[in-house]
Amino acid sequence: MDDYDPQVTEEKWQRVWEDEAAFVTPKSKPGALPDEKYYLLEMLPYPSGRLHVGHVRNYTIVDVLGHFWRRRGRHVLRPMGWDAFGLPAENAAIREAGHPRLITERNIASIREQMKRIGWAIDWTREISSHTPEYYRWTQWLFLRFFEAGQAYRKEAPVKWCPKDQTVLANEQVIDGRCERCGTEVESKSLEQWFYRYTDYAQQMLDDMELLESWPERVLTMQRNWIGRSEGADILFRVEGSEVDVEVFTTRPDTLFGATFFVLAPEHPLVAELVQGQPEQTEVLEYVRRTAARTVVEREQKEKDGVFTGRHAVNPATGEPIPIWVADYVLMDYGTGAIMAVPAHDERDFGFAERYNLTVRPVVAPAEGEPAAEGAFAAHSESERLVDSGEFTGMAAPDGAKAIVSWLEGKSLARAAVRYRLRDWLLSRQRYWGCPIPVVHCERCGIVAVPDDELPVLLPEVDDYTPRGKAPLAAAPDEWLHAPCPGCGEMATREVDTMDTFVDSSWYFLRYCDPRNDEAPFERGVIDYWLPVDQYIGGVEHAVMHLLYARYFCKVMNDLGLVGFREPFPRMFNHGWVHMGGAKMSKSKGTSVGPDDYVAEHGADALRLYVLFVGPADQAVDWNDSGLEGMARFLRRLWRVAHEQAEHPGMDAVSDTPLVRKTHATIAKVSDDIARRFAMNTQIAAVMELVNEIARSPDDPGARFAAETAVSLIQPSAPHIAEELWERLGHERLWEQSWPEADPSLLERETVEVVVQVNGRIRDRLHVAPNLPEEELVALARASDRVRAFMDGAEATRTVVVPGRLVNFVI
RNA sequence: GCCGGGGUGGCGGAAACGGUGAGACGCGCCUGCCUUAAAAGCAGGUGUCCCUUCGCGGGACGUGUGGGUUCGACUCCCACCCCCGGCACCA
């Protein structure tokens, strides 16, 4: 027996797989049934330079599933590609005076090489990259379909602006008031920008969660929170001494009689008009100006204040004039930017009223004899009743809410309303390295779409990528910047903003199915075969960004007849990241450990096993390589055991030995761990147990069968060594062999150990046949000397029997 | 504050349904074999405490803390402590 040399073995099999196109998936299998396919998808990676062991863990989890389902007879699609546009490459280009394309492509080449060395079963013929014109042509094409459908539109709106990256951000990209990428406090600016109208789909996103058969509960919760549905009413307030009505949204219309003042957001368009000519005008406008100068974080953290406008609104329920204030705790971009303030029943309103000595009037109270609700501002409940609320006094709060709304509805002053926290998706970016937005601005025709046959609008070369608040493309050469308007033929100017990279990753999973199509983004029939994705895998950090965007994209495409499904990823699994020093490994933070040294020392198989073995696949782990040696040890042991057994003849018939039974139990355990539980750590432990067992009884007649099975079961996790040993055991192409099946008749142990307890304490053990009748078992247990000693002559008042497990005498 | 998830040996982590022996598997550590020696490998041991005729053996305690349900609880219920993640001016 030669020594196990992972370098030799791994190189050999990687070449064989490549030569035989082992993991290349044909376009679609003619006549194949949909349930024979298995579309296995990992979230599109950003090519950030080099892989770290966190990536190795994630992709190896995917790889195990791919091998497993392929050997279970599924037609597996397992592609790879690159989310190649985006700020890091552009910033690196500015820093190093390089070109983002060259930097990106260099990174891709380097990562691809690492991936191949680890031996993942990827279909590289389907590789795609979002920065290539072949890909972004179709990103643009889809944009135009959305544009025609009114789903892509331009508007002036307050937007989040990152002063460091010099670009606008989507709401999802603002974390705690800071830019998700660089941590800079974001500012609020009013700018004209491109949006996808995904608030149209807010309700469907909620409703269609029913179609998501297997998603982590926390992701669904995060999406629900993000969409933020609330039910209530829109109510009109007349401004005293004018014809102006201001609309507010409230979730507590039952408290309308307690609305004792009225607040406008500083950005509310009515503010200037209301204070025109008032003595308070200067002070109010100064307040508005000061608020506008603050960053989002400053505004959120400062103590809330406000100014009185000198004007009053009329409470539509009481007819009473209430003062109108402008205050920074009211936000322009939720609801209507104006609120009715009910200080008795809202914590924020109460704080404000206290500060400025405004009237507090309770209008909801616990019912007679009921204790006051926990906390002064708890949500209303059946047990609370309206007080001091005119004709509604005495009604239960929820009923009162309905009654007040329909009363005002009759006077056209209110209507039931649902609001969402979700804002439209801001998709334009004032940066270079992204997909150009394919429209022109024409003085005569306005915004005009570039015709499909002129796509792609190529990203032009520019001299300077540095963001200066204006898109770098504004400085593109004239021959790019100016183009004839497709409408009137006059010279028009191209759109200079580029798209958010989340647009690129909202449809890539469709392109994988038909990656070289140059007539359409994809062929409908191919999509119908492969989609929806059978298993989607990625980090939880995309719970409210990528996953919501991609869901939205599919809904619109479905409405446009481009695809035949409403949810792309019915089954989602979140892997846990590998951490270092308590945080996710990250190249940019310098907390990153690459796979290369480990692969050079112990081989890819040992590393693959180790990253699977460190812990449950959905949990984060802190990186610690001390156990890697143990995996190498296991592989050498497997090597030795397999070679020993290769000397033994194969079994003709199925013998029934303890080792054979153990082997069948292992098949069952490994299969269930992979297919149902995603328990990659325990499936490996199970194979280790089996190998230990073979080493202990090498002359068992079932030993060769056990060894071959162990090799077969470890193949998804350690494919190179498995392939080599399989060959040395006299077989071929393990990756094509069907997955072993456990024989149910051999799953049961021949004898089981039954515990005999007296009062719940173990006093003896019996070895009996698993199907021994209960009476016999009890008789046997009662006959035990040790049991008799502890029973001390007493009779059991109760006997508990768990067949095959235990007998418990209670005295 | 609200909503999730979690606290098990020196370490990473195992234990569908409440049903033996908690601690699989691996790391680390200890002892022995092999070796001139080391590495590798192999065999065995390894929760805490106690009794022991030291050969087996036996007992008590032990899954964050305190209660509870049950013949029986890592698993169920109540209260509390701690850690991780998400949300948090959304009217």
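Below, read A as the first sequence line, B as the second, and so on, with proteins coming before strands; counting in each chain starts at 1. This is a predicted model, so every value here is computed, not measured.
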A/F262 and A/F237 aromatic ring geometry - parallel, tilted or perpendicular at 30°/60° bounds: tilted

Rounded distance in Å - CE (A/M680) to C1' (B/G12): 18 Å

Non-neighbouring partners of A/H542 that pass side-chain contact (heavy atoms from CB on, under 4.5 Å), sequence neighbours left out: A/M43, A/F502, A/H546

Listed nucleotide nearest any side-chain atom of A/K304, set B/G41, B/A88, B/C89: B/C89

Side chain of A/T682 - closest among B/G26, B/C25, B/A14: B/A14

Minimum-distance nucleotide (side-chain atoms of A/Y334 versus B/C27, B/C25, B/A91): B/A91

Listed partners of A/W577 passing ring pair (Phe, Tyr, Trp, His ring centres under 6.0 Å), at least two apart: A/H575

Whole-Å P distance, B/C71 and B/G7: 28 Å

Find every protein N or O atom lying less than 3.5 Å from an N or O atom of nucleotides 43-47 of chain B, and list the pairs.
from	atom 1	to	atom 2	distance (Å)
B/A43	OP2	A/R637	NH2	3.4

With sequence neighbours excluded, residues passing ring pair (Phe, Tyr, Trp, His ring centres under 6.0 Å) with A/F634: none

For RNA chain B, stems built from three or more consecutive Watson-Crick or G-U wobble pairs below 3.5 Å: B:1-7 with B:81-87, B:10-12 with B:25-27, B:28-33 with B:41-46, B:47-51 with B:57-61, B:64-68 with B:76-80

Find every protein N or O atom lying less than 3.5 Å from an N or O atom of nucleotides 68-77 of chain B, and list the pairs.
from	atom 1	to	atom 2	distance (Å)
B/C71	OP1	A/R798	NH1	3.0
B/C71	O2	A/N808	ND2	2.5

P-based separation of B/C56 from B/G19 [nearest Å]: 33 Å

